[in-house]
Amino acid sequence: MEIEGIKIDSKFLKILSSKFEKKIQKIQKEVFKISNKEFNIASPKQLGEILYNDLKIADLKKTKKGGFATSASVLEDLAFKGHKFPQLILDWRQVSKLKNTYSDSLPEHINPKTKRVHTSFLLAATTTGRLASSDPNLQNIPIKSEDGRDIRKSFIAEKDHVLISADYNQIEMRILADLADVKELKKAFKKNEDIHSLTASQIFNTDIKKVNDDQRRKAKAINFGIIYGISQYGLAKQINVSNYEAEKFLNSYFAKFPEIKVYMDQTIKFCRKSGYVNNIFGRRSHFININDKNYNVRNFQERAAINAPIQGSAAEIMRLAMIRLDKKLTNQKTKMLLQIHDELIFETHKDEEKRISKMIIEEMSSVAKSDQHSFSIPLTVDLNTGENWGTLH
DNA sequence: GGTTCCAGCGCG
DNA sequence: AAAGCGCGCTGGAACC
């Protein structure tokens, strides 16, 4: 399915590319100075040899195929221990990723007729029911770093138009609350509470108003981890605490939200028996290796089976919203341009911005309230507008 | 010239 | 023994 297409500012991207190139050159110089020789930083083999053999600053961590591991988490550990070299590699990777994957490549996707970038949305490419985006993938445009957000700023609206971004607030946690019938979570969403702060207050046994940033950050990691079926070991790595502490967090989490543990156990049990799981709307995800004799294969399938109804229900809600919005937007000066899983991007004429914004929020938040699928949690939608996708208000 | 795999990393 | 779900794109490496 190819849809409208979005305008990008290729001059701005060109400026970004040369800015990135300068950074890359500068970092390279420092890297070569430390390593005492020039090599291809992008070559995992050469980099690994320098890191492990020449500089001797890495413990022996290997990849699947037996090469030296140089992933970000390995390098971050080393950087944390005070080594300058790994941090330089991390910086180099970040900037060259932005340049190669985004600022250099996006302008090549501009359609000469429409002067816009048209992604392809794949409707049946995922196991959960999500869409996928390719050629180019516009579902992974950077936002987390400052330089990354600059890339996002190159996505712009036509003259006299603005971009609208509308996203579902915490949709997967809301679905988990509904799916597993989690009393405390449902209560919190009905009161529109900050869910990560609430989780923090529950597992750290403090008043919700006294939760600090670090506690909230850890609670957030746990909430996401739960959705993905994390282990105590994985959680410990993620939030940088001991295994013992991570185990304590998970225990008190399941004590406060016992229905979640029940949901997980039941989902796996059902999947072992049937080979599939259903989401709220009846879409099936198949996991035929759920009973595999190999521990890794089996555990991987179990985590995926826990996650699929949650991710899949969210995907389904978004699909329904898109269908409703598509109908509502016929004969309007507003086009639906992008879907990024829980977010929709529209381009609208300033004349109808207010009215359309109201309509989008109404349609998206009421989509799972119909007779066929009564959803026990309110869905809230955050909507922002702006001249570009990087700066929205 | 091309294909396929891997490691790595961008996003939700 | 491994350790967090779902994707697509990139450059390197191995091979035809």
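Keep in mind that the numbers below use all heavy atoms, side chains included, and drop hydrogens, waters and symmetry copies.
- A cation-pi arrangement, defined by a distance under 6.0 Å to the six-membered ring centre and an angle within 45 degrees of its axis, is absent between A:Lys99 and A:Phe20.
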N/O-N/O pairs, protein side and nucleotides 1-3 of chain C side, under 3.5 Å:
| from | atom 1 | to | atom 2 | distance (Å) |
| --- | --- | --- | --- | --- |
| C:dA2 | O4' | A:Asn296 | OD1 | 3.2 |

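- For A:Arg272, the salt bridge (Lys or Arg N to Asp or Glu O under 4.0 Å) criterion is met by A:Glu302, not counting sequence neighbours.
- As rounded to whole Å, 13 Å separates atom P of C:dC5 from atom CD1 of A:Ile227.
- Ring centroids of A:Tyr253 and A:Phe257 are separated by less than 6.0 Å, placing the two rings close together.
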**Message:** For A:Gln202 and A:Ser252: C-alpha separation, side-chain torsions, deciding distance, then whether side chain to side chain donor-acceptor pair (under 3.5 Å) applies.
**Reply:** CA-CA 8 Å; A:Gln202 298 270 5; A:Ser252 64; over 6 Å; no
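- Atom-to-atom, CD of A:Gln139 to C1' of C:dG6 comes out at 10 Å; the value is rounded to the nearest Å.
- In this structure, the separation between NZ on A:Lys159 and NZ on A:Lys350 is 8.5 Å, given to the nearest 0.5 Å.
- Salt bridge annotation for A:Glu347-A:Lys335: absent, with no cationic side-chain nitrogen under 4.0 angstrom from a carboxylate oxygen.
- The phosphate of B:dC9 (OP1 or OP2) has a side-chain N or O of A:Arg93 nearer than 4.0 angstrom.
- Residues of residues 69-91 of chain A having a heavy atom closer than 4.0 Å to DNA chain B, listed by number: A:Ala69, A:Thr70, A:Ser71, A:Ala72.
- With a 4.5 Å cut-off on side-chain heavy atoms, A:His349 and A:Thr334 do not count as touching.
- Among the nucleotides B:dA7, B:dG10, B:dG12, the one closest to any side-chain atom of A:Gln94 is B:dG10.
- Applying the ring-ring contact (aromatic ring centres under 6.0 Å, His included) criterion to A:Phe12, with sequence neighbours excluded, gives no partner residue.
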**Secondary structure of DNA chain C in dot-bracket form (Watson-Crick or G-U wobble, distances below 3.5 Å, | marking inter-strand pairs)** = ....||||||||||||
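- Annotation: C:dA2 and B:dA7 have their P atoms spaced 14 Å apart (nearest Å).
- A:Ile340 contributes atom CD1, which lies 11.5 Å from atom CZ of A:Arg130 (distance to the nearest 0.5 angstrom).
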**Fill in**
Quick tally for nucleotides 8-16 of chain C: nucleotides whose base has a protein heavy atom under 4.0 Å get B, sugar-phosphate-only ones S, the rest -, giving BSSSSS---
